[in-house]
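Below is one structure, written out as C-alpha cells; comments come after it.
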Amino acid sequence: MSKVLIADKADPLCEKTLKDRGIEAVVKTGMKPEELKEFARDFDGIIVRSASKITREIMDNAKNLKAVARAGAGVDNIDIPAATEKKVLVMNTPFGNTVSTGEHAIAMMFALARHIPQAHASTHAGKWEKSKFEGVEITGKTLGVIGCGNIGGVVADRALGLKMQVLVFTPSMTTERARELGVKMVTLDELYAKADFITYHVTINPATKGMLNKDAIAKMKKGVRIINCARGGIMVEADVKAAVESGHIAGLAVDVYAEEPATKHIFFGMEKVICTPHIAASTKDAQVTVARQAAEQIADYLLCGKRTHAVNGDKI
Ligand code: MLT
C-alpha cells in the first residue's frame with residue numbers, strides 16, 4: 001500500500017480522497033525541518049501547502065519518495081532540481097486557487113483606493129475621522145497587470161468589468177489571448193509610466209526576483225498604488241518602504257513577504273501599507289479544490305503512473 005504524508009494543514013478532503021483511492025494517508029503538520037526529515041523517511045508521496053519546505057536533505061532521507069504534490073500554484077518551497085535528480089515527480093494545482101487569489105488582489109485594490117482597513121480600525125477606536133479617509137475611484141483608472149497568466153487573467157477580467165483600462169505585461173502572452181481578454185499588451189516601461197494601480201502575478205524566478213525595486217519605482221507614476229499577492233521575493237522591500245515614505249507610492253497592499261511567516265516586518269505599522277498574512281488563496285472554495293486535486297494527482301501517479309501538472313515531468 002502506498003503511503004502519503006500530508007505535511008501541511010489541508011482541507012480534510014485531501015485525506016479522505018487518498019483513503020478512498022486505497023492509499024494510506026497520514027496527516028502530521030507543523031513539523032520543524034529536522035522532524036519532517038525523520039518523519040518523511042518511509043513515505044511514497046508528500047502533499048504540502050506553503051509551510052513545509054521540501055529540501056534536498058528531506059529527499060535524501062526519504063528513500064521511497066516518488067512524488068511531491070503542492071496544493072497550490074507556486075512550487076518555490078520545493079527544491080525542484082534536487083527532486084529531478086532523485087526522480088521525484090513534483091506536481092502543483094495551478095488552477096484550483098486562481099479565482100480566490102485574483103479576487104483577493106481586487107479586494108486589496110478596493111482597500112487601497114478607499115483606505116478600508118485604516119478607516120475600519122479608526123472607527124472601531126471611536127474616532128470619527130471622516131475627512132481623513134478621502135479615497136479615489138477606480139472607474140476609468142488604469143490597472144497594470146504584471147504577469148497575466150491564470151491569476152492575472154482573472155484580475156484583468158474583473159478589472160475590465162469595473163470599467164478600468166487594463167494594460168498587461170507578460171512576455172509569453174499571445175495577441176490572440178490579449179484580444180480574447182480585452183487587454184492591451186505593453187512594455188514594462190509603458191505599464192510603469194501609465195498605470196495608476198499595479199498588481200503583480202508572476203512566479204518567483206531569477207528574472208522576477210527583486211523586480212519591484214527603486215529603478216522600477218522611479219519609472220512609475222508618482223502616487224501609484226501597488227498590490228503584491230504573488231511572492232514577497234519580487235520586491236526589494238527596503239526600496240518599496242522608502243518609496244511609500246517619500247509618497248511616490250501612495251498605497252501598498254501586500255499578502256506576501258520575502259520571509260514567511262512574517263511576524264516582524266519593515267512594513268508593519270506603516271499607515272499606507274495594507275498587510276494580509278498570505279491568505280489570497282485561503283477560501284473554503286479554493287482549499288477544497290486544491291486539496292482534492294493534490295490528492296487525486298498524487299494517487300494517480302502512485303497508483304497508475306499518470307502525471308497531471310507535473311512541473312518536472314519532462315525530466316523524469
Ligand atoms: C500558491 O502558490 O498557490 C499561493 O501562494 C497560495 C498559497 O501558498 O497558499
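All figures in this text were calculated on a predicted structure; none of them were measured in a lab. As the structure lists them, so they are numbered: ligands from 1, and atoms in each ligand from 1.
Protein heavy atom in closest approach to atom 4 (C) of ligand 1: His278 NE2, 3.8 Å. Looking only at protein heavy atoms, the nearest one to atom 1 (C) of ligand 1 is Ala73 N, 3.4 Å. Among all protein heavy atoms, the one lying closest to atom 7 (C) of ligand 1 is Arg70 NH2, 3.2 Å.
Within a 6.0 Å radius of CZ in Arg114, no more than 12 heavy atoms belonging to other residues, nucleotides or ligands are found.
A continuous path of ILVMFWY side-chain contacts below 4.5 Å connects Met211 to Val186, so both sit in one hydrophobic cluster.
For ligand 1, the atoms lying closer than 4.0 Å to a non-hydrogen atom of Gly72 are 3 (O). Within the listing of ligand 1, atoms 6 (C) sit less than 4.0 angstrom from a heavy atom of Ala281. Near Ser50, meaning under 4.0 Å from one of its heavy atoms, ligand 1 places the atoms 8 (O).
Contacts between Thr101 and ligand 1, counted as non-hydrogen atom pairs separated by less than 4.0 Å, are absent for every part of the residue.
A salt bridge links Lys284 with Asp11: the distance from a Lys NZ or Arg NE/NH1/NH2 to an Asp or Glu carboxylate oxygen falls below 4.0 Å.
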Could you go through Asp300 and Arg21, starting from their C-alpha distance and side-chain angles, then the distance that decides it, and tell me whether this counts as salt bridge (Lys or Arg N to Asp or Glu O under 4.0 Å)? CA-CA 9 Å; Asp300 282 345; Arg21 298 284 304 266; 2.8 Å; yes
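Considering both main-chain and side-chain atoms, Gly74 comes within under 3.5 Å of ligand 1 through a nitrogen or oxygen pair.
Between the side chains of Arg307 and Gln297, no donor N or O sits under 3.5 Å from an acceptor N or O. For the residue pair Asn312 / Thr84, a side-chain donor-acceptor distance below 3.5 Å is found, with atom types taken as modelled.
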